[in-house]
Number of protein chains: 2
Amino acid sequence: MATEPGPPRPAKGARPNLKDVAARAGVSRATAARALGGYGYSSREVMERVSEAARELGYEVNRIARTMRSGKSDIIGFVCADISDAFFSSAMRGICDVARRQGSKVIVMNTDDQLAQEQEATRVLLSHEVDGIVITPVSVREHAHIDAVTDAGVPVVSLDRHLSDAGIDSVVADNEDGTAHAIGHLIARGHRRIAFLGSVQPEEPPSLRIGKLRSSVAGPSRPSLDRIRGYLRTLAGAGLPADRDLIALVPQGSAPERRLEAVAAVLALDDPPTALFTADSYMTKSAFSLLSELGVRVPEEMSLLGFDDLEWTTLVRPRISVVVQPTYDMGRTAAEQLFTKIAHPAPAGGGRGRRTVVPTRFLDRDSVGGSLLDKGTGP
Amino acid sequence: MATEPGPPRPAKGARPNLKDVAARAGVSRATAARALGGYGYSSREVMERVSEAARELGYEVNRIARTMRSGKSDIIGFVCADISDAFFSSAMRGICDVARRQGSKVIVMNTDDQLAQEQEATRVLLSHEVDGIVITPVSVREHAHIDAVTDAGVPVVSLDRHLSDAGIDSVVADNEDGTAHAIGHLIARGHRRIAFLGSVQPEEPPSLRIGKLRSSVAGPSRPSLDRIRGYLRTLAGAGLPADRDLIALVPQGSAPERRLEAVAAVLALDDPPTALFTADSYMTKSAFSLLSELGVRVPEEMSLLGFDDLEWTTLVRPRISVVVQPTYDMGRTAAEQLFTKIAHPAPAGGGRGRRTVVPTRFLDRDSVGGSLLDKGTGP
DNA sequence: ATGAAAGCGCTAACAT
DNA sequence: ATGTTAGCGCTTTCAT
């Protein structure tokens with residue numbers, strides 16, 4: 001039992017703890033903690049001896065114990081509908097990258113757009129003492145469970161949706177303006193009858209009021225509604241009448257057939273549109289599929305313009321013009337704001353909730369042509 | 001200070017703990033824990049009183065404290081190259097679904113295929129006391145850090161890659177057979193010169209030996225190499241010569257241009273192929289793009305067959321025939337095996353590591369035609 | 001069937 | 001600059 005070359009080692013094959021390191025370095029646990037944690041005072045010599053011991057033992061702090069003591073877990077939560085969806089997995093990557101830089105990790109919870117699952121997710125995350133949560137809320141009205149999180153002193157940032165009248169920061173794309181720009185582009189190309197194909201939350205359906213001069217959609221801000229607003233606003237701004245028949249809304253999460261039917265119905269109108277604006281990637285896919293199946297030539301016979309970029313939009317012919325939102329950056333931004341709040345806890349009450357709107361970009365490709373009704377349009 | 005209707009409540013706005021519940025129910029902490037946890041004995045009456053108190057207080061167990069005591073965190077880790085990649089996000093969803101059923105959560109760590117990041121990821125997960133880890137290892141040889149995890153008594157399941165000679169369970173697709181089937185299909189359609197376009201780990205390059213009668217590729221099993229094996233094997237089985245010029249391998253993570261060049265080089269051969277087998281989704285995309293740009297008609301002038309299904313493969317014309325791996329199910333299966341190991345810890349040493357190979361499916365669509373060399377092929 | 005008490009590994013307040 | 005000590009919230013013997 002030599003003691004000189006081999007100072008105390010933990011007998012077990014288990015992970016060494018701070019006591020082991022301290023013993024090996026011949027100091028107290030508190031000193032070892034200070035030396036390793038880099039806080040408080042410790043002499044250079046002790047610092048070296050301790051980190052040497054830690055290295056030899058392969059010591060790694062037990063973050064559970066640290067969390068218990070400090071209240072900081074170095075874990076944040078991401079609550080979304082479905083991580084396998086391209087929007088969320090891209091945002092997730094942005095969140096992860098920020099978290100890593102902060103020494104934090106991310107737990108993902110899928111809700112499938114079910115409020116009950118979202119409520120459970122927040123409870124579970126709270127019970128794991130997460131430092132904060134990025135959430136894409138199912139509902140923009142029912143947010144008692146989210147308030148409960150902030151009430152517990154845990155910062156929350158809402159992604160992709162503003163929460164009405166909750167003092168919660170949010171990061172969303174400029175859905176209304178992005179759509180407005182796209183519709184403006186169609187109008188500039190001579191289109192007068194432009195269809196809007198989109199999805200809406202079945203639980204929070206919009207109530208559309210289509211008027212001769214002004215049209216509007218009631219309900220709180222959310223991407224699906226804001227895009228309709230952008231559409232309506234631009235039409236009105238150009239003095240064009242809105243036509244209820246040109247607006248097809250299917251419930252979110254509908255079977256692909258429902259979307260196809262919606263597109264087909266619009267195409268079959270007596271006075272059909274000359275351009276289709278598809279307000280989300282699912283609709284864009286359905287519309288493109290159907291047009292392609294029907295042999296409708298794009299953009300010669302029908303223009304197509306969509307929201308959300310996807311890999312395939314440049315692979316098909318014609319390449320689809322789209323409005324893109326910076327999904328990765330939205331995740332990144334949400335996470336950055338979250339960590340700011342974690343570092344500087346708001347003084348209770350928290351104010352109004354900062355709303356960050358990130359710009360979309362319009363990618364002009366080949367799926368929009370001049371309107372057939374608009375004679376004299378060059379190639 | 002009425003005590004009858006309002007038994008003790010925690011004064012603070014903070015989360016109530018077991019002591020609060022116990023006090024309100026008028027029992028000891030141990031009893032409250034038993035009643036809530038559903039273990040040990042407790043009278044029906046006490047049980048009801050305790051859960052009533054818990055409900056009233058909005059009590060939720062503090063899992064950090066529970067983990068500290070029990071050693072079980074109800075968290076598992078998923079270590080992958082990049083969660084925004086479709087393969088991983090789909091697998092992730094499978095893992096999450098299983099975890100949820102088990103009352104567990106998932107922390108994701110991205111490695112960008114960097115060994116150093118993977119090593120750090122495993123260390124970090126260990127320090128969070130995760131119950132197990134699903135990992136897609138960067139390297140199939142360098143797995144000391146993974147062994148360290150199992151040595152710490154934490155189960156690991158490897159996804160998409162077998163670990164050579166490590167006693168670690170793995171779940172992979174039947175890359176070799178899936179490819180063999182696809183190549184067999186091409187041969188049956190009369191193709192004799194079939195190009196193989198794929199990617200390989202820059203750190204673990206394969207050494208190809210192309211012989212008159214037999215060809216082989218050295219190196220441990222991994223998807224990229226196994227697909228080459230399936231290709232070579234099928235060629236040999238059909239008595240067809242392998243041609244080194246028809247095999248183009250770019251380093252994984254190469255810029256798109258590199259892939260495009262590789263495809264172009266194969267097309268420009270003096271004796272060009274009549275069919276292209278693209279061994280991963282990136283290559284499929286590059287090949288399709290280039291063919292489309294060059295105006296090469298598929299499948300009339302060139303057949304195309306790929307590995308991995310993607311949304312766009314049915315959107316483009318012709319629709320691409322592909323070999324698909326069940327990504328969601330692979331994640332699900334890996335997680336199921338992980339939880340089995342968590343529930344029944346292996347008796348140290350752990351045996352040889354169970355290898356699960358999940359079948360791929362061949363989706364015969366429109367991108368494969370009869371070879372031009374093969375006269376008399378019907379439409 | 002219930003309670004008392006120890007202790008998981010760490011950090012932070014206090015003492016030296 | 002370093003050591004001592006208490007305690008985070010829970011689970012789990014061990015008594016009763």
Side-chain angles (χ1 to χ4, degrees), chain A residues 10 12 14-51 53-54 57-75 103 126-131 152-153, chain B residues 10 12 14-51 53-54 57-75 103 126-131 152-153:
Chain A
K12 20 173 177 193
R15 298 177 47 212
N17 61 24
L18 193 55
K19 196 171 70 190
D20 301 322
V21 175
R24 191 175 177 84
V27 297
S28 74
R29 280 165 31 229
T31 303
R34 274 189 290 255
L36 290 173
Y39 60 92
Y41 303 94
S42 47
S43 67
R44 173 167 305 279
E45 197 246 324
V46 162
M47 222 155 155
E48 274 170 14
R49 223 168 56 220
V50 171
S51 35
L57 259 30
Y59 170 78
E60 189 81 20
V61 66
N62 180 327
R63 280 160 197 275
I64 296 297
R66 169 181 285 181
T67 300
M68 173 103 119
R69 191 62 239 254
S70 69
K72 194 153 176 297
S73 60
D74 286 338
I75 294 180
L126 235 34
S127 85
H128 277 285
E129 304 252 75
V130 294
D131 298 333
Chain B
K12 17 48 219 275
R15 297 177 48 212
N17 62 23
L18 194 54
K19 196 171 69 188
D20 301 321
V21 175
R24 191 177 177 83
V27 297
S28 73
R29 292 188 353 250
T31 303
R34 274 190 291 256
L36 289 173
Y39 60 91
Y41 302 95
S42 49
S43 66
R44 174 168 303 279
E45 196 247 323
V46 162
M47 221 153 155
E48 274 169 13
R49 222 168 55 222
V50 171
S51 33
L57 258 31
Y59 170 78
E60 189 82 18
V61 67
N62 180 327
R63 281 160 197 276
I64 295 297
R66 169 182 283 180
T67 300
M68 173 106 118
R69 192 59 237 251
S70 68
K72 194 152 176 296
S73 61
D74 286 339
I75 295 179
L126 235 34
S127 85
H128 276 286
E129 305 253 76
V130 293
D131 298 333

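Chain identifiers are assigned alphabetically (A, B, ...) following the order of the sequence lines, protein sequences preceding nucleic acid strands; residue numbering begins at 1 within each chain.
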Value in whole Å for how far the P atom of dA1(C) lies from CD of Glu48(B):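 Interatomic distance, CD of Glu48(B) to P of dA1(C): 15 Å.
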Can you name the closest pair of heavy atoms from [X] and [Y] and give their distance?
X: Glu129(B); Y: Ser73(B); value: O-OG, 2.7 Å
X: Tyr59(B); Y: Leu36(B); value: CE2-CD1, 3.6 Å
X: Ala54(B); Y: Val21(B); value: N-CG1, 3.9 Å

How would you list all residue pairs meeting salt bridge (charged side-chain N to carboxylate O under 4.0 Å, His left out) that involve residues 28-37 of chain A, not counting sequence neighbours?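 Not a single pair qualifies under salt bridge (charged side-chain N to carboxylate O under 4.0 Å, His left out).
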Pairs flagged by salt bridge (charged side-chain N to carboxylate O under 4.0 Å, His left out) wherever residues 62-74 of chain A is involved - sequence neighbours left out: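 Passing the test, one end in residues 62-74 of chain A: Arg63(A)-Asp74(A), Lys72(A)-Asp74(A).
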Is the shortest side-chain heavy-atom distance between Arg24(B) and Leu57(B) below 4.5 Å?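 Yes; the side chains approach each other to less than 4.5 Å.
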Those residues that, when tested against [X], pass side-chain hydrogen bond (donor to acceptor under 3.5 Å, both in side chains) (two or more places apart):
X: Ser70(A); value: none
X: Ser28(B); value: Thr31(B)
X: Ser42(A); value: none

Grab the N/O contacts between the protein and nucleotides 2-5 of chain C below 3.5 Å, and write none if there aren't any.
from: dT2(C); atom 1: OP1; to: Ser43(B); atom 2: OG; distance (Å): 3.0
from: dT2(C); atom 1: OP2; to: Ser43(B); atom 2: N; distance (Å): 2.7
from: dT2(C); atom 1: OP2; to: Ser43(B); atom 2: OG; distance (Å): 3.4
from: dG3(C); atom 1: OP2; to: Ser28(B); atom 2: N; distance (Å): 2.9
from: dG3(C); atom 1: OP2; to: Ser28(B); atom 2: OG; distance (Å): 3.0
from: dG3(C); atom 1: OP2; to: Thr31(B); atom 2: OG1; distance (Å): 2.4
from: dG3(C); atom 1: N7; to: Arg34(B); atom 2: NH2; distance (Å): 2.8
from: dG3(C); atom 1: O6; to: Arg34(B); atom 2: NH1; distance (Å): 3.2

Qualifying residues under side chain to side chain contact (heavy atoms under 4.5 Å, CB included), relative to Ala32(B), sequence neighbours excluded: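 Here the qualifying residues are Leu18(B), Ala22(B), Val27(B), Val50(B).
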For Glu60(A), give me all partners under side chain to side chain contact (heavy atoms under 4.5 Å, CB included), at least two apart in sequence or on another chain.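 By the side chain to side chain contact (heavy atoms under 4.5 Å, CB included) rule, Glu60(A) matches Arg15(A), Arg123(B), Ser127(B).
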Name the first nucleotide and the last nucleotide along DNA chain D (5' to 3') that come under 4.0 Å of a heavy atom in chain A.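 For DNA chain D, the relevant span reads dA1(D) to dG9(D).
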List in numerical order all residues of residues 63-71 of chain B for which some heavy atom is under 4.0 Å away from an atom belonging to DNA chain D.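 Those residues whose heavy atoms fall under 4.0 Å from DNA chain D, taken from residues 63-71 of chain B in numerical order, are Ala65(B), Arg66(B), Met68(B), Arg69(B).
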All salt bridge (charged side-chain N to carboxylate O under 4.0 Å, His left out) counterparts of Lys19(B), not counting sequence neighbours: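 So Lys19(B) forms no salt bridge (charged side-chain N to carboxylate O under 4.0 Å, His left out) with any residue.
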Roughly what angle, to 10°, lies between the helix axis at the start of the helix from dA1(C)-dT16(D) to dT16(C)-dA1(D) and the one at its end, five pairs per end?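 If I round to tens, the end axes sit 40° apart.
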